[in-house]
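Following: one structure in structure tokens, then a few remarks.
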Amino acid sequence: MNKELSTKELYKWTLTLAVPIMIQNLISTLVGTADTIMLGYVGQTAMAASSLANQYTFVIFCIFFGLATGTSVMVAQYWGKKDEVSVERIIGISGRFSLLFAAIFTSFSLLFPQAVMKIFSSDSETISIGAQYLRIVSISFIFMGISQTYMSALRSIGKIVFPSVVSIVSLVVNIVLNASFIFGFFGLPKLGVMGVALGTVCARFSEVLMCLLYSIKGQIKFRLKYIFTSSGILTKDFVKISFPAMGNDLIWGLATSVFTAILGHMGNDIIAANAVAIMVVNIGAIAERGFANATTVVVGQSLGANQIQETKKYSKKLLLLTIIVAVIGCGIMVAIRPLILKFYSDKLSPAALSYLSAMIFMTTYRMVGEGINTCLICGCFRGGGDSRYGFIMDTIMMWAVALPLMALAAYVFKLPPIWVYFIMTLDEYEKMPFVVHHFRKYKWMKNITRNQDELGLEN
């Protein structure tokens, strides 16, 4: 960027980035949605078990997302500076950490799946089924880490079509194999929940295979040598940006898992309803998360080009756009609520269906708060090189405020499950005033790139 963009040009660029990201996020969400829907044909317990097992998967996904965020921020700024060699080194650094964390989580879930499931449920059947699912699906962690790293880098330089194609292929593979293993198509055995896990593994493998093939002739490449060689101060910068972001997502993810664990000890009806509610929330929040990702790229590239004052103007306009998108998303969620309830009317118990009816309304107002916080913390702050503030804020607000309130509601006051869920949905508004205040101070805007003399690296 060599000049300040007009509002029209800014929104056009943002939409160019955000829409393909939204499509990709929708497709990625549909991969998980396909699991939930198809397991509805296996049984409510199978659906609840996989939902709880996926809370463990969600934790490693948060780690990958944090690493991908650091990759995205640093790639965007170095791309704005036109330093392609450093971009490829950053991808290698991220790949190194992704493989390390994937190996740790895969090993633990392969060896101790029942111990993991006991964290989320006390029901023996749910634990047994969830352990079968978790043992298989954990193999996908290795593939997921590599693909998320490379695709986040591609999005940061404006290559947004290929990640969408990868997600489409992954969705098709997942749905076809899920259906085949659940219903016994093509002569395959009916494996139930284990078949769904196997379908997920194959879908993730297809993602990483396509990324590696694309990298051979792509504009930026995934080079194995950068995974295994030192990158000096660049690695330190990556850790400084990525680890607070990773810690932020991990703290948030762990808190969300504890939320689910609290609900998990309140009966299978609330677990099953929450499994569907999570799916609805993920679909409803796709647009605002897409704009947050686009905000990271816009802020990162403009700061990398050293356009400080322009970045201030862009961030304000993108926050307004995100709020509008979040409100529209809420309206859509309320509009499709009857269709969702009708679809699950023969798959959930009357109590679970009643919970789901109220939960959909509760998730709508929470989504506006989540949209604002996500735009600022994940978009502006991280794009500006300040991933530390979000980590501190979520640690305090989630673990010292939101979780204690939910635990008190469940275990001390013994409120009905739906009221416990309601208290859970207030978390975004508890931290919003502090997040907005930090945004207005503009201390989060930093150009984190270094010149070649500082990097001191050979190609």
Side-chain angles (χ1 to χ4, degrees), residues 16-18 20-21 24-25 28 61 63-102 143-167 170 204 207-229 231 234-235 237-243 245-246 249 289-290 292-305 378-379 382-383 385 387 448-450 455 457 459:
T16 301
L17 293 169
I21 292 173
Q24 182 188 346
N25 288 345
S28 297
F61 177 79
I63 292 176
F64 289 151
F65 188 77
L67 293 173
T69 297
T71 304
S72 180
V73 171
M74 293 191 69
V75 165
Q77 291 212 14
Y78 276 97
W79 190 258
K81 194 179 179 180
K82 305 186 186 303
D83 184 350
E84 294 186 20
V85 173
S86 293
V87 165
E88 292 185 351
R89 284 186 174 275
I90 291 164
I91 295 172
I93 295 167
S94 182
R96 183 191 313 159
F97 284 112
S98 294
L99 289 173
L100 174 62
F101 284 110
F143 308 135
M144 184 165 58
I146 295 298
S147 62
Q148 291 299 314
T149 290
Y150 189 65
M151 288 193 289
S152 67
L154 290 178
R155 288 194 297 266
S156 296
I157 68 170
K159 301 292 182 181
I160 33 70
V161 175
F162 176 73
S164 298
V165 172
V166 171
S167 297
S170 178
R204 295 301 186 187
E207 290 178 5
V208 74
L209 180 61
M210 291 181 67
C211 286
L212 294 177
L213 291 174
Y214 179 87
S215 169
I216 295 173
K217 294 186 177 181
Q219 190 169 1
I220 56 173
K221 294 176 171 51
F222 191 99
R223 300 184 187 274
L224 289 177
K225 68 177 182 179
Y226 290 146
I227 291 182
F228 300 106
T229 58
S231 294
L234 199 59
T235 301
D237 287 344
F238 181 84
V239 170
K240 185 177 179 180
I241 297 297
S242 296
F243 275 51
M246 182 181 69
D249 291 324
R289 291 170 186 171
N293 288 337
T295 300
T296 302
V297 176
V298 172
V299 169
Q301 288 198 21
S302 61
L303 286 175
C378 299
R382 292 184 182 180
S387 54
I448 59 173
T449 61
R450 298 178 183 271
L455 292 175
L457 299 171
N459 294 344

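When reading the values below, keep in mind they use all heavy atoms of this one structure, side chains included, and skip hydrogens, waters and symmetry mates.
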Main chain of [Y], side chain of [X]: is a donor-acceptor contact present, judged purely on distance under 3.5 Å?
X: Ser147; Y: Met144; result: yes
X: Gln77; Y: Ile448; result: yes
X: Ser170; Y: Val166; result: no
X: Arg382; Y: Ser387; result: no

Atom pair [atom1]/[atom2] of [X] and [Y] - distance to nearest 0.5 Å:
X: Ser167; Y: Phe162; atom1: OG; atom2: CZ; result: 9.5 Å
X: Asp83; Y: Ile90; atom1: CG; atom2: CD1; result: 8.0 Å
X: Tyr78; Y: Leu234; atom1: OH; atom2: CG; result: 5.0 Å
X: Ser98; Y: Ile93; atom1: OG; atom2: CD1; result: 11.5 Å
X: Ile91; Y: Ser86; atom1: CD1; atom2: OG; result: 11.0 Å
X: Thr449; Y: Trp79; atom1: OG1; atom2: CH2; result: 15.0 Å

Quiz item: How far apart are the C-alpha atoms of Phe238 and Met74, what are their side-chain angles, what is the distance that settles it, and do they pass the side-chain contact (heavy atoms from CB on, under 4.5 Å) test?
Solution: CA-CA 7 Å; Phe238 181 84; Met74 293 191 69; 3.8 Å; yes
[X] versus [Y], closest heavy-atom pair with distance:
X: Thr149; Y: Gly95; value: CG2-N, 4.0 Å
X: Lys221; Y: Tyr150; value: C-CE1, 4.2 Å
X: Pro163; Y: Met151; value: CA-SD, 3.8 Å
X: Leu67; Y: Ser242; value: O-OG, 4.1 Å
X: Gly383; Y: Leu303; value: O-CD1, 4.1 Å
X: Gly385; Y: Ile241; value: O-CD1, 3.3 Å

Self-check item: Verdict with reasoning, Thr71 to Gln148, per side-chain contact (heavy atoms from CB on, under 4.5 Å)
Solution: CA-CA 10 Å; Thr71 304; Gln148 291 299 314; over 6 Å; no
Self-check item: Beyond-backbone contact of Leu17 with Asn293, side-chain heavy atoms, under 4.5 angstrom
Solution: no
Exercise. Hey, can you tell me if Phe97 and Phe243 have their rings parallel, tilted or perpendicular (30° and 60° cut-offs)?
Key: perpendicular
Self-check item: Pairs touching residues 156-166 that satisfy side chain to side chain donor-acceptor pair (under 3.5 Å), sequence neighbours left out
Solution: Ser72-Ser156, Lys159-Gln219
Determine all donor-acceptor pairs shorter than 3.5 Å in which one atom belongs to a side chain in residues 209-216; sequence neighbours excluded.
unit_1: Ser215; atom_1: OG; unit_2: Phe222; atom_2: N; d: 2.6

